[in-house]
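Structure record follows, encoded as structure tokens.
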Amino acid sequence: MSATFRDVLAAYLTAAALVAVGFGLLRAVLALGMERRLAARQTLRVGRVTLGLAVLLPFVALAVREWMPSAPLFTVERSLMSYAAPLAPVEARPVRGAVPGAPASDTGLPGALLGMGLLGVGALGGLAWNLRRYARLWRKLESLPVLRRVGRVRVVLGDAEEGAFSVWFPGGGAWVVVPAAVLEDAEALRLTVRHELQHHRQRDTVLAYARLGFDSAFFWNPFARAFSRWLAERQELACDEALVTVKHVSADAYARCLLQASLRVPGSFSLPAGVTGMSHPTVRRIHMLFQPRPRSSVRTLGLSLSLALVLAPLALWAQGTARGRTVSMAEARSLAEAGQKEGNLPVVVDAAVLEQLNKFVTTQKGRDFMRKALANLQSHREAMTGTLRSRSLPEELVAVAMVESAVSNLQETSREPSMAPGQRGAGVWMFIPETARRYGLKVEAGRDERLDVARETEAAAALFQALYARYGDWRLALAAYNQGEGVVDRVIAETGVRDVSELVRTGKLNGYTATVQAGVLLLRNPRLLD
């Protein structure tokens, strides 16, 4: 699973959790007496703000974290490698590297990926089903007789057994549908039309599509469904309130209209998700008509800000918990720049390096492997770095041994894991027999000098010198160490490209170079594995 996918999944799960938390906090605050101090329209506004914050804050935090420059997570002084002598060019010697192989890959489908796939299918299926119902409704409305037009809104006559509702279609205009039964009562017809027109004025019919997307994205979340139903109820209350207070509609007449609608609308009447309607009014709606309604907007703003101050830090904390120790591109580049000194092994952070770094940091397999490598390095550090230093090579080349063998002196038949693709070798540097013999190591039935760390490190240093002198680029040299000079030479000749990032991105080279560079970053910042 890529780092980007993990980030988006973490933000999505954080949003799902914040929806539950935000809804719970909002209901608790209203239950403690705040609802009596807010008008229905103010309560609806606070609910929409709360829902928007819960859904958007995790993704905003993700974007800010990814694109804003940040300081390094750990200082370079904590690095295991703090010294590297200047590099001196040496004479090239022909050498044949390891046999190329395919990059190692995870087997099996991650559970998180499967789960996210099922959620995606469910969300898209629900969205498609509701949009299809919208399309069928539009075709039906086009065939209904138009009673009148109010601006751009068409008032049409619906079936006698259906209730009144309002709907807006992008590019298809706004509609109000009234049942045939209300034609017998002029007052009921007038109030029904005014109620549904108020939904258009409040933009409820436009925001219905946002609710439709929300319901589809979080169809599995019971708190999201409850929040959506609660907002639909508040829309109706806000419309009732607006008619009685602003439009100066008689509360008694409007209450009679609601009672008649409740008797007229059948229980089976169903509308596409998000379409507004007067169906099934409650006793509470009628009670609300006769209650005093505060108009101060200060409480609305104060409550919205209070909920934002609670949800924002929760979003950051929950996202960090869900994502674990995932490193962003900005952080990885900051770490690379902070740890880059003259003579160090250069680290170019690209998408492949970031992905491999996060595999080491966030997966149990990666953490265990690199922790073992750092622990084993302590035993061989002086012998390995001393040899590299004597040849004016970067000490951070020990990251190659970390990736190859976790700095374990392994036999060729060992089953211990390796992060390097290709044919397995032996020793801490994982030399294959042919390359080992070319660099003076005896590989015989009774004697294998690849298991002599000092001798093998001398051979590895000579190989590094030759490869760097050949290519003049450490990333190409590392690619040749794993895949062989023949492969690297052929790729450069065919493409004319020497940028390893581009060659890895296009699949011309495997991800070995990115893996080693991720190991260098961990070598400089071992506490990333804490």
Side-chain angles (χ1 to χ4, degrees), residues 1-29 45-71 73 110-124 126-127 207 209-231 303-334 351 354-355 357-359 361-363 528:
M1 196 189 311
S2 69
T4 300
F5 182 86
R6 282 197 302 268
D7 289 347
V8 173
L9 175 60
Y12 171 77
L13 294 176
T14 301
L18 287 186
V19 166
V21 172
F23 185 48
L25 287 174
L26 179 60
R27 295 299 302 272
V29 171
R45 193 173 299 120
V46 172
R48 286 172 172 170
V49 169
T50 303
L51 181 60
L53 289 172
V55 173
L56 296 178
L57 274 176
F59 295 94
V60 171
L62 174 63
V64 169
R65 183 180 186 273
E66 182 64 31
W67 296 110
M68 283 188 64
S70 59
L73 299 178
L113 185 60
L114 177 60
M116 199 64 183
L118 292 175
L119 288 177
V121 170
L124 291 176
L127 182 62
L207 293 174
Y209 290 95
R211 273 187 51 220
L212 176 60
F214 170 77
D215 291 345
S216 300
F218 297 96
F219 70 94
W220 54 272
N221 189 338
F223 296 101
R225 295 197 300 271
F227 206 159
S228 184
R229 289 195 299 269
W230 184 87
L231 286 175
L303 181 55
S304 298
L305 289 176
S306 299
L307 290 170
L309 290 175
V310 173
L311 293 177
L314 281 177
L316 294 172
W317 174 80
Q319 188 190 48
T321 301
R323 296 175 68 204
R325 293 293 300 154
T326 304
V327 182
S328 70
M329 180 68 77
E331 288 172 332
R333 286 176 174 167
S334 182
L354 180 65
E355 181 175 353
L357 177 62
N358 280 314
K359 283 184 180 179
V361 170
T362 63
T363 67
L528 284 171

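Below, all heavy atoms of this structure are taken into account, side chains as well, without hydrogens, waters or symmetry copies.
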Under 3.5 Å, which donor-acceptor pairs link side chains of residues 303-315 to any protein atom two or more places apart or in another chain?
from   : atom 1 : to     : atom 2 : distance (Å)
Ser304 : OG     : Thr300 : O      : 2.9
Ser306 : OG     : Gly302 : O      : 2.8

For this session: Examine distances only and state if a side-chain atom of Arg225 and a backbone atom of Asp215 form a donor-acceptor pair shorter than 3.5 Å.
Result: no
Exercise. Can we call the ring centroids of Phe214 and Phe227 under 6.0 Å apart?
Worked result: no
Exercise. What are the two closest non-hydrogen atoms of Ala54 and Pro58, and how far apart are they?
Worked result: O-CD, 3.3 Å
Seminar exercise, completed: Applying side chain to side chain donor-acceptor pair (under 3.5 Å) to Arg48 and not counting sequence neighbours gives Asp204, Gln235
For this session: Answer yes or no: does atom CZ of Phe219 have more than 12 heavy-atom neighbours from other residues, nucleotides or ligands under 6.0 Å?
Result: yes
Exercise. Minimum heavy-atom separation for Gly47 to Leu231, with atom names?
Worked result: C-CD2, 3.9 Å
For this session: List the steps, then state whether side chain to side chain contact (heavy atoms under 4.5 Å, CB included) holds for Phe23 with Leu51.
Result: CA-CA 8 Å; Phe23 185 48; Leu51 181 60; over 6 Å; no
Exercise. Can you list the steps and then say if Tyr12 with Phe218 is a side chain to side chain contact (heavy atoms under 4.5 Å, CB included)?
Worked result: CA-CA 9 Å; Tyr12 171 77; Phe218 297 96; 3.5 Å; yes
Exercise. Measuring from Asn221:CG to Leu119:CG, what's the distance to the nearest 0.5 Å?
Worked result: 10.5 Å
Exercise. Backbone N or O of Leu212 within a donor-acceptor pair of the Ser216 side chain at under 3.5 Å?
Worked result: yes
For this session: Over all heavy atoms of both residues, which pair between Val55 and Val19 is shortest? Give the atoms and the distance, please.
Result: CG2-CG2, 4.1 Å
Problem set entry | Nearest atoms (heavy-atom pairs only) where Thr50 meets Gly22 | CG2-O, 3.8 Å
Seminar exercise, completed: Nearest heavy-atom contact between Ala123 and Ala217 is CB-CA, 4.1 Å
Exercise. Is there a donor-acceptor pair under 3.5 Å between the side chain of Ser334 and the backbone N or O of Ala330?
Worked result: no
